[in-house]
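Below, chain A is the first sequence line, B the second, and so on; all start at residue 1.
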Number of protein chains: 2
Amino acid sequence: MTEYAATLDSIRAARETIAPWVHRTPIFTCAALDRLASRKLFFKCENLQHVGAFKFRGALNAVMRLPDDAARRGVVTHSSGNHAQALALAAKLRGIPAHVVMPTTSPRVKRDAVVGYGGRVIPCEPTLAARERVAREVAEDTGAVMIPPYDHPDVIAGQGTVALEVLEQIPEVEAIVAPIGGGGLISGIALAAKAQAPGISVFGAEPSGADDAARSKAARELLPQHDPKTIADGLLAGLGRHTWPVVRDHVDRIITVSDDEIVAAMRLVFERMKLVIEPSGAVSVAAVLSDAFRSMPGLGRVAVVLSGGNVDLSELPFG
Amino acid sequence: MTEYAATLDSIRAARETIAPWVHRTPIFTCAALDRLASRKLFFKCENLQHVGAFKFRGALNAVMRLPDDAARRGVVTHSSGNHAQALALAAKLRGIPAHVVMPTTSPRVKRDAVVGYGGRVIPCEPTLAARERVAREVAEDTGAVMIPPYDHPDVIAGQGTVALEVLEQIPEVEAIVAPIGGGGLISGIALAAKAQAPGISVFGAEPSGADDAARSKAARELLPQHDPKTIADGLLAGLGRHTWPVVRDHVDRIITVSDDEIVAAMRLVFERMKLVIEPSGAVSVAAVLSDAFRSMPGLGRVAVVLSGGNVDLSELPFG
């Protein structure tokens, strides 16, 4: 029997661990989007979470679960996205240092955000090899513990708390749809939801320009992400060794959507729901509006995770 | 003793009248904005109201209070803004026609929105004289009842329901800040709040480029709006005969803010609160962040009305 990275118990424990600091984010509904989707949608607003994304849950759980002696030396990661800010804030709340390796090409606003949460930014060349090397060096120099953005049991357990809330907040919910990048969010959700409500369906929403999860599911083996290209810049990563088995066994189906569909969905959420979401957060909305999803029978009540809201307002894709 | 356009009784009655259809909009808070304002702020999210603005409350109250024989002939207004959509939806809910006179220069998206709510758009020349003339002609031809956007007792009573909710939702609230254009919203709020909680302060927030209320308060007489120029396109109107006496007697002070302050406040709400608001809705945020307001003593808990969220996403002012 396969052992997965998290269990209902570890996810429930994560929820208790992070409860003092996370928002139990609200559920929004929207009649106009219900009409377009031909079913009742319930939007889980993780764009209203601290640091503007669900990433805070996983990073916080990983930081708070460190033993005191390890925690004292701090944490390190390499990321230019929401995980960087999430880890910086989590470390600040625990009172320990956070070292964040970021490519020199990262927008100033993202570096400033990490510094604003009390993190230390270490610049590096904009290649994955350089990022990994510099992060290892920082870990060796400082003794800091590496907290990766998704492929880690405590991170996955933290993200799974989204599903525990969804099951409480939406009576008789029949499916949950969430974006897939590295798979941390969907894995946590699938493990929590299927264990607690076995009849529920879990769908991954993936940009067609970064579709390693869809291809891997079809091939029944983990395939690498090749040269991803999508506006959903939070979903460029490929699945990892912890997340792939969960996606393989517990995610019912992956729905892929084009960048045009993502932008159209993002615009609808801005216009009709008055919520700011980032392109990666719009991917699950695009999925439920797709013909593939609309033609599925049943599923009268569907939770849609709006995963984040950190978008550069100077470069919104609304022409 | 001055008689005002609305009373606590008429506002409470309005609340009952419109209750089946309006959202009791939520209160948002934001630690980052609290720090900038140096006090605790409670944002009343009327951008999440039907049609994306508080205007639905007043229009709905006016439409629902019409006697059957008058209502049957429909309603008419001239507006290119949120009142047009609000009236169209209100009329649809009552099952009566709505005739909306709109200048030929109105953006297509605004005309489409009125039509989307089932309203009939009558195009006219883009002058106030033409709008008023055409609206009168429509009223004569059809027998429809004119429902103006703000200077009407039932409209003012409807907008006042915002304050009844704020007083319930925010314990020990000490002040309410709302935008001033024609004064319908601030009048309703001031009449409701001062009657129900006499110790409360009510502040109007006004663009310095459309500052007839500030000038009128200073002069103690109603002065006309001269050639208004502001990005807050919902606040171009001047006070009317019903709203001026309330602003004169029951609004504690008008805070004026520049367009730069309005855009900066709007950006903060997008970035930190992940809410879409229109420039007119950002004016009250700009007011509480102004030096004039920050230097006021006391007022530890302040309600800030986010009046609307209907903004053209293709023309956001974020450079």
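- The interface of residues 268-279 of chain A with chain B, defined by heavy-atom distances below 4.5 Å, comprises Phe270(A), Glu271(A), Arg272(A), Met273(A), Lys274(A), Leu275(A), Val276(A).
- Contact annotation: the side chain of Asp312(A) never approaches that of Phe318(B) to less than 4.5 Å [non-hydrogen atoms, C-beta and beyond].
- Interface residue Leu313(A): backbone and side-chain heavy atoms are both found under 4.5 Å from chain B.
- At a heavy-atom separation below 4.5 angstrom, chain B is approached by no residue within residues 163-172 of chain A.
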